[in-house]
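A quick write-up on the structure given underneath.
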Amino acid sequence: MANLHGEEEGDDNNCSSCRDKKRHTATTRKKELGLGLSCMLNTEVGAVLAVMRRPLDSGTQYIQEDTFDSSIMQSLKSLRSLIFSPQQEWRLLDPSLYLSPFLDVIQSDDIPPTATGIALSAVLKILKLEIFDEKTPGARDAINSAVTGITSCQLEKTDPISEDAVMMRILQVLTSIMKHPASVLLSDQAVCTIVNTCFQVVQQSASRGDLLQRSARYTMHELIQIIYSRLPDIEVKSGEASESDTEDVDVDSNLDSGYGVRSAVDIFHFLCSLLNVVEIVETEGSTFQTADEDVQLFALVLINTAIELSGDAIGKHSKLLRMIQDDLFHHLIHYGDGSSPLVLSMICSTVLNIYHFLRRFVRLQLEAFFSFVLLRVSTLQSSLQLQEVALEGIINFCRQPTFLIEIYVNYDCDPLSRNVMEEIGKLLCKQSFPGGGPLTSSQIQAFEGLVIMIQNIADNIDKEEDSSPSGPYPVEITEYRPFWEEKPKEDLDTWVEYARIRKVQKRKILIAANHFNRDEKKGLEYLKFCQLVSDPPDPKALAFFFRYTPGLDKSMIGDYLGDPDEFQIQVLKEFTRTFEFVGMILDNALRTYLETFRLPGESQKIQRILEAFSERFYDEQSSDIFVTKDAVFILCYSLIMLNTDQHNPQVKKKMTEDEFIRNNRAINGGKDLPREYLSELFHSIATNAITLFGQSGQPIEMNPSRWIELINRSKAAEPFILSDFDRRLGRDMFACIAGPSVAAVSAFFEHADEDELLHECIEGLISIARIAQYGLEDTLDELLASFCKFTTLLNPYASTEETLFAFSHDMKPRMATLAVFTLANNFGDSIRAGWRNIVDCLLKLKRLKLLPQSVIEFDPASDVQSDSTNESGALLPTHDPNFRKHQNSGIISKFTHFLSLENPEESLSLGMNEFEQNLKVIKQCQIGNIFSNTSKLPYDALLNLGRSLIFAAAGKGQKFSTPVEEEETVGFCWDLIIAIAMANINRFHIFWPSFHDYLLGVAQFPLFSPIPFAELAIVGLFKVCLKLLGSYQADRFPEELIFKSINLMWKLDKEVLDTCCQYITQSVSTIIIEYPANLQSQLGWKTVLHLLSVTGRHPETYNQAVETLIMLLSDGTHVSRINYAYCIDCAFGFVSLKNSPLEKNLKLLDLMSDSVSSLIQWYQNACSEPGINYSIASNISTSSMDDNKGLNSINLPMNLFVKLGEALRKTSLARREEIRNHAVSSLHKSFKLAEELDFSSINCINCFNLVIFSMVDDLHEKMIEYSRRENAEREMRSMEGTLKIAMELLTDVYLHFLKQIAETQEFRTFWLGVLRRMDTCMKADLGPYGETKLQEFIPELLRKMITKMQEMEVLVQREDDDLWDITNIQIQWIAPSLKEELFPEEF
């Protein structure tokens, strides 16, 4: 422990010794530093004394010390005696002690320049070595004394070189003073003195050496940098914040604070005044004044520096801010219009800096700068150099991230302002539009600016992180809102909608102006209709309409304002209140007032207008010159008369000044107005006439009175709105210039030749497309239409060879082709009518053999699976948030790569011929992706693409040189249509109704040929049909849609069924065999079975068709209420074919009769569950059967049985006896099997009437027909045999259902019908072929029926029933031999 304690004590001792050593070292260094400073001062003092003692000429050996001021010599000697004082501590010493001797030398009149220069060098060394700082006692007085001494330097006139050296040294010292730590102690006056002295050197150096002038200007620049870089750190004081425009509060009354805002204000005012410096120019004996351009440029550089370094701190200091708002901007606008290119360039830079830091405070000034400088200079009226500078200024503004959106919301959306953004965009479009010759530099410059503008909008509207709505974008005026009132920006969404409504209001106001100019009443009614004027009307609304709407007829405004109606008088008063006359003299105020309308000719109207003006001017006069408003009114009349007198050429004797003053005596409340005031008015009117009848459209200049009014308005105006891009506003703002932009980009692309310019065109094109996808589909269509022309593929007058040559030997067509298909690939969801142009280009490429087969060879299923489906079945494309970002960069890189490849020499070195080069370009187009990705297209885009393809397939807009070319083109179109349908199968029910309508419209085309259109359509539609039926669809609507289209196609030309019979039969067989369960609609089954029946008639398709039907009927599983009738029709169709295989026909007849079991089953189900719904679907289409209601009825099975019976009845008339007899047998079998059906009495009679009776009648008629033919006995006897079987059927069925039939009230009629047919058969006249063999057969049938009727007591004698008697009579007539047997009572 002791050792440890001892070690600790040793360490403490060591530390203590170290500290002592360091302290000693610091003291030593401090002494050495002080000694060094002492030596420096001693050297400088000695040098000054030595120079002062040096003789002025070689003849004098020395100069007596009393030659100079003894106090100067004494102060120098005193300083030398103090220099090496051992107790001296320089930093604690008052700096005046060692500065004053040198300052005395500098200020002395009789000191030679050399001594002055050495003294200045001594002061410079003292300042640079920073012997003292702001904390040194006496530093404030010393530093301010130094400024006074330096700026009071007296130069003895010697040689210019010595004087220049001294002035250079003065500049260095002044700069060092401002850079010194103690400079913060300088007073505002001292700082202003420094700047003023520096500028005096600048002026004096103009006639001296260039080096001095450069140094002086550089120093001035440094001083401004130092002064204004301190402004952001200066605190705003209460006096400054509360001062008004007229007060001059001493904001720097606290001297301890050093220089501050006052010096900044004074210096800035001084710099602004330099813009007005003029020089006298003599030409051909005359002199005139013009602005000194060199001084202006120098001042603008300094002003720019001040603004750049002060930044937004200027906005905190009202005096400095007002100077920028008023003085500076007034000078910039005044000189901007008529200055040199260099000055205009600096002015643009200055305003751009102001925009960056102070735009919140200069809203109206910025609008005036664009209106009166940039937009005006950029027109063709100015020189080319000025135009280019102005364009560059506009372009620099457009490069700022938020400039476009901010000027749009501040000016274009303000009904009281100009459409600055729109005018800029249209100006760039106009200036970039190529003429007849080569592109000029200004056109290229304007186009670059246009591309920058469009890219700026595109980059901001197409942001990934933008959460604003992407559409739709409708905006309407739903209620009255005063359009002149502005709402502050609070909630973003609310404010955005408000800004958009104001833009709509502005647009409607311009429309109302157009109506007003043609008919005053209609214009005002339109204002009410658009809710721009309240109901009842607000005079203020009309006043602002007349005041700020451009293009209004000034004569009509004047007539309206001068009308004596009470409401119009109120409008006149409100109109006059829109003027701010504060600070204006009377004639300027009157000029400003009368510029806005044409003074009417009627004296009473003039009086009312001038009375309103006089009252307003009197209320706002800034002095007390006028006692009453009547004095203003009288003087206004006098000024108008003076104006007419002085400027009307018909007035020969002009009024003099004295006469004018004499005419206006005692008008001011009985007293005279000041003579000087009247004299000024007289000369103003005599020099510059008041435009009493000004017309709209004349250029307006920024005169002093208009500037005063602008400043007055700016005091009450809302500040400049700072805004970030919003997608809705971005879309609206581009919509204003969309048309001119597309035209400019297209025209520039047509005339551009350099790769760099073409690349800029493509960037502009892509940017327009990026914007257009947000609700500007028409713009994208227009863009596509323009660029499709440049592909040379749509030239209707060029042959295939000419088109191919132009495409192969010019880079532009290939580049345009790549651009068109790139837009289709990346922005297809926004393309509408433009698809037609794309399809036309695609078909032309097809004819040129430039399309790879991969265009339509893709798997649509893979694309569909990547998407999701909503509840309605509509396809919802998946969205990758990073897709658009990568997409845009990829598009541009694609064209960069294309340009790098478009080198003929490189292509030749790779051994590529023209055709291979073309294929390489087409491969880059990735045309196949357009159709494989159609599942991501929205509804409208998909419809337009389908419409274009369908119409192209129908020949609209197409010219075919050969039938082969036509068939290939139509087939290609249908391949694409089917590919689209397959890729969008999940939303088939959404888009196909429109596609079907297009197919209907195709048939109305003039000269439309259904071949090969319908042939290829049938093939494609069945592919879609198989795709749809390949999986179960809960909704039957898509199935009905496709079958409607299939039916439409074959009905266009029924020959299609013959030419496509094999494919149709195969497709239909596939559907029936593989997908019968998925075929659910009535229309579907009807179409399928009908086509099977029709196409199966051909020998090459018969077997497949019949086997398909036999398989369907044999299985029976998929024979349903829906398709039963069509199955029977189809079977009958096959059976009725001539020369068809007997075996298959008999098989079909058996299957038909066996199908009764299905009818029985359906009937039993209906009876057991009477509430069951047997409808096809709730959304069954109009293509369903006419008796659709019967499908829901329990009577359906019976109706279908009748259908079966009718089919068999018709078959019983077949030419071949085997089929006829089998048909009758099958019918007989059907009746036996159908016993369990609902054979009510009515149903029984219906069956007899529709089936059995008809069959017997037809067979009898056929038999008689054959008996009339020669050599037809065999056919007649065959038909007779069938009739015999039919009569047996009649008898058996009658006896089987006798009970039901006898219960009807119509039984008597029915029975007579049976007897009549028996009689007809008995007495059939067979002509030369003898008697009928039925005579032997019929009586037996009658015996059988009557016996049965008697047994069942249906036929018995009754008093109230004559059936017995009638039957007796009929039997006696038909078969008398049976009378005795059947009716024995009478014998």
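We find that R359 and E406 are joined by a salt bridge, their nearest charged nitrogen and carboxylate oxygen being less than 4.0 Å apart. In summary, R577 and E620 do not engage in a salt bridge, as defined by a charged side-chain N under 4.0 Å from a carboxylate O. With salt bridges taken as basic N to acidic carboxylate O contacts below 4.0 Å, none links E485 and K540. Of the charged side-chain nitrogens involved, none lies within less than 4.0 Å of a carboxylate oxygen, so that E423 and K426 do not count as a salt-bridged pair. Contact check on E580 versus R616 returns a salt bridge, with a Lys/Arg side-chain nitrogen under 4.0 Å from an Asp/Glu carboxylate oxygen. Under 4.0 Å is where a charged nitrogen must lie from a carboxylate oxygen, and between K179 and E222 at least one such pair does. Salt-bridge annotation for E422 and K506: absent, with no side-chain N of the basic residue lying under 4.0 Å from a carboxylate O of the acidic one.
Atom-to-atom distance recorded for L391:CG and L428:CG is 6.5 Å, nearest 0.5 angstrom. Rounding to the nearest 0.5 Å gives a distance of 8.0 Å between CZ of F613 and OH of Y593. Taking OG of S273 as the reference point, atom CG of L275 lies at 8.0 Å (rounded to 0.5 Å).
Ring geometry for F575 versus F579: interplanar angle over 60°, hence perpendicular rather than tilted (30 to 60°).
Proximity of the aromatic rings of Y355 and F369 is defined here by a centroid distance below 6.0 angstrom, and this criterion is not met.
A side-chain hydrogen bond (donor to acceptor under 3.5 Å, both in side chains) with H331 is found for one member of N276, T350, D326 and no other, namely N276. Tested against F403, the residues Y411, F725, F370 include a single ring pair (Phe, Tyr, Trp, His ring centres under 6.0 Å) partner, F370.
Distance alone, capped at 3.5 Å, places no donor-acceptor pair between the R262 side chain and the D188 backbone.
The heavy-atom pair separating C198 from L223 by the smallest distance is CB-CD1, 3.8 Å. Of all heavy-atom pairs between L404 and C398, the closest is CD2-SG, 4.0 Å.
Counting non-hydrogen atoms of other residues, nucleotides and ligands closer than 6.0 Å to NE2 of H269 gives a total of 12 or fewer.
In this structure, a donor-acceptor pair under 3.5 Å is present between the side chains of D587 and S684. In the model, N456 has a side-chain atom that pairs as donor or acceptor with a side-chain atom of N460 under 3.5 Å. Using modelled atom types and a 3.5 Å distance limit, the side chains of Q365 and Q325 yield no donor-acceptor pair. When only modelled atom types and interatomic distance are considered, Q172 and R169 share a side-chain donor-acceptor pair under 3.5 Å. No side-chain N or O of E709 forms a donor-acceptor pair with one of T592 less than 3.5 Å apart.
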| field | Derivation and outcome, ring-ring contact (aromatic ring centres under 6.0 Å, His included), residues Y677 and F626 | value | CA-CA 11 Å; Y677 189 80; F626 295 98; 5.8 Å; yes
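Cation-pi contact between R376 and F372: absent, since separation from the ring centre below 6.0 Å together with deviation from the ring axis within 45° is not met.
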